[in-house]
**Q** 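One structure, pasted below without further comment.
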2 protein chains.
Amino acid sequence: MASKITQPAVRPKDDITNRLIGAFNRLISQGVLRPGTKLPPEREMAPRFGVSRSSLRHALKALENMGILYQRVGDGTYLRESSEGILSRPLELLILLDGISASELLETRLIVEPELAARAAERATSPDLDSLNRTIREMHKERDQQKLTELDIAFHQGIFVASGNRLSQRIFPIIQRAMLKSIAITSTLVDADHTLSFHKPIYDAIYKRRPAEARQKMIDHLEDARGLLAKAGERAQPTSLLDSFQSIG
Amino acid sequence: MASKITQPAVRPKDDITNRLIGAFNRLISQGVLRPGTKLPPEREMAPRFGVSRSSLRHALKALENMGILYQRVGDGTYLRESSEGILSRPLELLILLDGISASELLETRLIVEPELAARAAERATSPDLDSLNRTIREMHKERDQQKLTELDIAFHQGIFVASGNRLSQRIFPIIQRAMLKSIAITSTLVDADHTLSFHKPIYDAIYKRRPAEARQKMIDHLEDARGLLAKAGERAQPTSLLDSFQSIG
DNA sequence: TCGTAACATTGGGATGACCAATTTTGGGAA
DNA sequence: TTCCCAAAATTGGTCATCCCAATGTTACGA
């Protein structure tokens, strides 16, 4: 009886696996290992680190799962090109485990995106504006439902980028992706013109460098989306990578 | 030559490890495995899943590293009590790898926290208010520098909770933690009264249910912090769990 | 009753063998 | 010479075993 009341300890253990993971992280962050690098074969690396192949593999598996690198049988181990994606698995998992609903996700966007739109109005570069404008123009002539959804998402991503806040560029696209299914469903309730009638004023405000206006127009847009979501009856569950896993259980 | 132009594929591979990870995630999200559960010994689980112990260990290692569970030698494997913490490692890693500075972290807070304060003013429950109030009262009589920093952080966490947005409660405390070192440094530039002179108006606005005021007071607070950070000369680097790792490299 | 030593259990790590996917090599045909 | 394809080498994926060290349990003795 009397199991540990001690909390699990958030800090990583000091076992070989974690030390290897730390070693890789340091090597990468120090620039010793550049993104895209092909690492030596496991059978070579293991002795070089002074560990067994299995221990090394534990670490590599964890790193692969974190999105730091990927392995291909018969080929080798490669560092991923960007740190983008490191967050997606854990964040989607968190959303899944906590059972966070689409409306909660939308609320989070409502907290963040208006302010990001305002920042975008202050800082957007020419390429940023071009990119935003392009999604709008393409949306005009696009008919395919799925591509329209992609363009919708691209517009918002464009604002994340234009806001100039790198952390936001990493975090919030994932939240948006997580409600992909919801976006798809709600967008069947309206046509592209409806979406455009919200995107355009946002773009205009950003283009004209009017932060307050951009903020408000984004609020209008997301509040409208909230209405649509309610109408859709929350049928949609959060999308997750995890759905794709097989049996075994 | 001619290596794959194909992008690394964001989706997980279909190897045993990943299937096991998926299986666990599903079992947990479906409630079959409850948080805190003690799992069977590896030597039992492996045959039950129809895999070898080493493969199972790969998956468990990855899951442990993700913060889903933890293992103790001689004891066993336990699911973590909450999904809290799943994000911390990857998010900190992202900050480290992208070299995101303290001022960028602060800017992210500036994007988010004012709005969260406003929501808190709309929704804070009595316990929420009590909790916020307590951090203020304790800050009054606390002298220890480190504990003051903790109380500072606790106040902001309290607002995250009071905002009622669960996803924010998960994400933003980590960002705050990531700039722990910076907070500690800037707080040596001022005394507790200085911090309190900002916290109190925020609390009052929340208590009096004045969202707009809460939003503005939070902006004032963080803008002041930005000034302090600039004065501190950005000496501080982001804090990271990763710092603690040993050599091996 | 309490402490402690012996024992059992459990995760940590190493090794070696074999499989399967992929790339590389080299020879043969056009 | 150029191109195609089969054989060989390379590489990650998986498994089976062995031993160690940390922890928990049990039972004995003061």
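Per chain, numbering begins at 1; letters A, B, ... match sequence-line order. Everything quoted here is computed from the prediction, not taken from an experiment.
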**Q** Below 30° counts as parallel, above 60° as perpendicular, anything between as tilted: where do the rings of B:Tyr78 and B:Tyr70 land?
**A** parallel
**Q** Using whole Å, what does the distance between atom C1' of nucleotide C:dT10 and atom CE of B:Met45 come to?
**A** 11 Å
**Q** Please determine whether a side-chain nitrogen or oxygen atom of A:Thr77 lies at a distance below 4.0 Å from atom OP1 or OP2 of D:dT11.
**A** no
**Q** Among C:dG11, D:dG24, C:dG13, which nucleotide has an atom closest to any side-chain atom of B:Asp75?
**A** D:dG24
**Q** Quick one: is A:Lys13 getting a side-chain N or O under 4.0 Å of the C:dG12 phosphate, OP1 or OP2?
**A** yes
**Q** State, with a plain yes or no, whether a side-chain heavy atom of B:Asn25 is found less than 4.5 Å away from one of B:Ile68.
**A** yes
**Q** Between C:dG13, C:dA14, D:dC15, spot the one nearest the side chain of A:Ser54, thanks.
**A** C:dA14
**Q** Looking at C:dA14, D:dG12, C:dG13, which one has an atom nearest to any side-chain atom of A:Gln71?
**A** D:dG12
**Q** Would you tell me if any nitrogen or oxygen in the side chain of B:Arg57 comes within less than 4.0 Å of OP1 or OP2 on C:dG12?
**A** yes
**Q** Any luck finding a side-chain donor-acceptor pair between A:Thr125 and A:Asp128 under 3.5 Å?
**A** yes
**Q** Just to confirm, is there a sub-4.0 Å distance from OP1 or OP2 of D:dT11 to any side-chain nitrogen or oxygen of A:Arg53?
**A** no
**Q** Among D:dG12, D:dC15, C:dG11, which nucleotide sits nearest the side chain of B:Glu42?
**A** C:dG11
**Q** Quick one: which of D:dG13, C:dA14, D:dA22 gets closest to the side chain of A:Ser52?
**A** C:dA14
**Q** Could you go through B:Lys38 and B:Asp75, starting from their C-alpha distance and side-chain angles, then the distance that decides it, and tell me whether this counts as side chain to side chain contact (heavy atoms under 4.5 Å, CB included)?
**A** CA-CA 10 Å; B:Lys38 177 171 184 172; B:Asp75 187 355; 3.5 Å; yes
**Q** Given atom CG of A:Leu63 and atom P of D:dG12, what is their separation to the nearest angstrom?
**A** 14 Å
**Q** To the nearest 0.5 Å, what is the distance between OG (A:Ser131) and CD1 (A:Ile136)?
**A** 10.5 Å
**Q** Grab the CZ-C1' distance between A:Arg19 and C:dG13 for me, whole Å please.
**A** 12 Å
**Q** Describe the nucleic acid contact of B:Ser55 in one word from base, sugar-phosphate, nothing, applying a heavy-atom distance below 4.0 Å.
**A** sugar-phosphate
**Q** For B:Lys38, answer base if it contacts any base atom (sugar-phosphate contacts may also be present), sugar-phosphate if it contacts only those atoms, and nothing otherwise; contact means non-hydrogen atoms under 4.0 Å.
**A** nothing
